[in-house]
Amino acid sequence: MKSPRKILAIQFKSLGDAIVVVPSLEAIRKHFPDCELHMLVPESSAPLFRHHPGLAKVWALPRVRGRARIKETWPILRAVRAERFDRSVDFCGNDRGAIMSLMSGARMRLGVIQGGGFFGRRFCYTQTIPAASQDLHEALRLADILSVWDIPTPALKLSLFTDPSLQAFARRLLPERSVICHTGAAQSKKEWPITHWVTFHRLASAAGYNPVFSRGIGKREEAAMEQLKTLAPEAKILSPLKLAEFIAVLKEAHAVVSNDTGPMHFAAALGVPMVALFGPTSVTKWAPLSEQVRILQAENCTCQRTVHDCESPVHCMTRIAPEAVFQNLVDVLRT
C-alpha cells in the first residue's frame, strides 16, 4: 500500500478511554514518519491531545449525548473532508465513530467490527478487524487495530502534554508537597469512601504532605465534597477546573491518589508518582501505564460490570485501608 500523506485518527469515548490511545498514535507516527497525523475527538477531550507534538491538528466536535447538533458539527466535518485524508482509523468502534469515519471522506477507512450498533456500521469502513480480546490492556486492544496496516505493537507508555501558558497558574494553586486526592469516578461503586479519605488526610498531613482534594462535576461528587467539608473542615478542596487547567495542576503535584477514573490515567501520562485505587474494574485491562504507581484493589469484590452502585452490604472499596494507601504513597515517593 502506498505510504499515506495524511491520516485521521478518531476517538469518541470518555476521557479515561481516550488517553490510552496515545501509544497507538505514536506507533502511527513512527511507522509513517512523513505522514501528517490529525485527530478527531469530542470537544471535551480535545485538551488531552491539543499540545501533543506528533499531531498536526486536533479537530474538536461539540458533543451532547442524545443530540446530533448538526448545525455546529457540519461545518467542522466539511473542513475535515476538505483535508482529503488518505486514511482514517476509528479507535472507538461505536456508531458515532463509524459515521464520523464515513463522513471524513478518507479513501481508506479502518475500523473494528464488534457486536451491537446499527446495521450499516460495517459499510462505513473499507477495512475492518475483529475486536481484540477483552483480557488485554485497553491500550493493547487499540493498538491491535493497527495490525491491519502492519504497524508493530507499540511500547505501553502514555504521554500527556499540557498548555505551557498554564504552568504559573498551576504552581500558584498548589502548596508545597501537595498530594492531589481525586475522590470521584464515573460510577459510585468505584469510589473510595469519604470517611477513608478523611483518615488518609489526617495521616498524610501528620507526615508533612498537603492533601488537596479534587472531584468531577456531578451532583453525587459534589455531595461527597460537602461530606468531606463536614468531617474535615481544614481540608483543601479545589474548585472545579477546566480540563486543560486540571491536567496542568496534576503535572505540578508532588503525588496523586486516585480512584480508577480518567485523572488516574492523566497522572500516569504526566509521570506523577501515584497510588491507584481499584474496586470491581479489571486491573489487567485498565492499570495506569506508569512505573511510578502502586495499585491497591478491593479484595473479593462482587460488583458486576453492568451495575452502577456497589451491591455489597458493606461497600467493596472500604476493604482498602487508609493506612495501606498512605504506606504505598510513602513507598512510591521513595522510588
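Numbering of residues begins at 1 and proceeds along the displayed sequence.
Counting heavy atoms of neighbouring residues, nucleotides and ligands inside a 6.0 Å radius, atom CZ of Arg220 exceeds 12 of them. Environment of CD in Glu291: sparse, with no more than 12 heavy atoms of neighbouring residues, nucleotides or ligands closer than 6.0 Å. More than 12 heavy atoms of other residues, nucleotides or ligands lie within 6.0 Å of NZ in Lys6, so this atom counts as buried by the packing criterion.
Remark: side-chain polar atoms of Arg171 are not paired, donor with acceptor, to backbone N or O of Glu252 under 3.5 angstrom. One N or O on the side chain of Gln297 and one on the backbone of Gly279 form a donor-acceptor pair closer than 3.5 Å. Proximity of a side-chain donor or acceptor of Thr126 to a complementary backbone N or O of Arg109 within less than 3.5 Å is detected. Between the side chain of Thr335 and the backbone N or O of Val332 there is at least one donor-acceptor pair closer than 3.5 Å. Using modelled atom types, one side-chain atom of His137 and one backbone atom of Ala287 make a donor-acceptor pair closer than 3.5 Å. With hydrogens and angles disregarded, no donor-acceptor distance shorter than 3.5 Å links the side chain of Asn259 to the backbone of Thr261. Panel note: side chain His308, backbone Ala186; a donor-acceptor pair is recorded below 3.5 Å.
Counting all heavy atoms, side chain and backbone alike, Pro240 lies closest to Arg215 at CG-NH2, 3.6 Å. Here the shortest heavy-atom pairing between Val293 and Ala276 reads CG2-CB, 4.3 Å.
Contact check on Asp95 versus Arg121 returns a salt bridge, with a Lys/Arg side-chain nitrogen under 4.0 Å from an Asp/Glu carboxylate oxygen.
The side-chain contact (heavy atoms from CB on, under 4.5 Å) test applied to Ala207 returns Tyr209, Phe326, not counting sequence neighbours. Listed by chain and residue number, nothing satisfies the salt bridge (charged side-chain N to carboxylate O under 4.0 Å, His left out) test with Asp309 (two or more places apart in sequence, or in another chain). For Lys229, the salt bridge (charged side-chain N to carboxylate O under 4.0 Å, His left out) partners at least two apart in sequence or on another chain are Glu226. Contacts of Arg141 classified as salt bridge (charged side-chain N to carboxylate O under 4.0 Å, His left out), with partners at least two apart in sequence or in another chain: Glu138.
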Table please: side-chain donor-acceptor pairs of residues 44-56 below 3.5 Å, with sequence neighbours left out.
residue	atom	partner	partner atom	Å
Ser45	OG	Pro42	O	3.3
His52	ND1	Gly54	N	3.0
His52	NE2	Glu26	OE2	3.1

Below 3.5 Å, can you tabulate the donor-acceptor pairs from side chains in residues 314-324 to any protein atom, sequence neighbours excluded?
residue	atom	partner	partner atom	Å
His315	ND1	Met317	N	3.0
His315	NE2	Ser188	O	3.2
His315	NE2	Glu191	O	3.4
Thr318	OG1	His315	O	2.6
Arg319	NH1	Glu299	O	2.7
Arg319	NH1	Asn300	O	3.0

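Linking ILVMFWY residues whenever their side-chain heavy atoms come closer than 4.5 Å, directly or via other members, leaves Val179 and Val256 in distinct clusters. The cluster map of Ile, Leu, Val, Met, Phe, Trp and Tyr, joined by side-chain heavy atoms under 4.5 Å apart, puts Phe213 and Ile247 in different clusters.
Annotation: the span from Leu238 atom CG to Met225 atom CE amounts to 10.0 Å, rounded to 0.5 Å.
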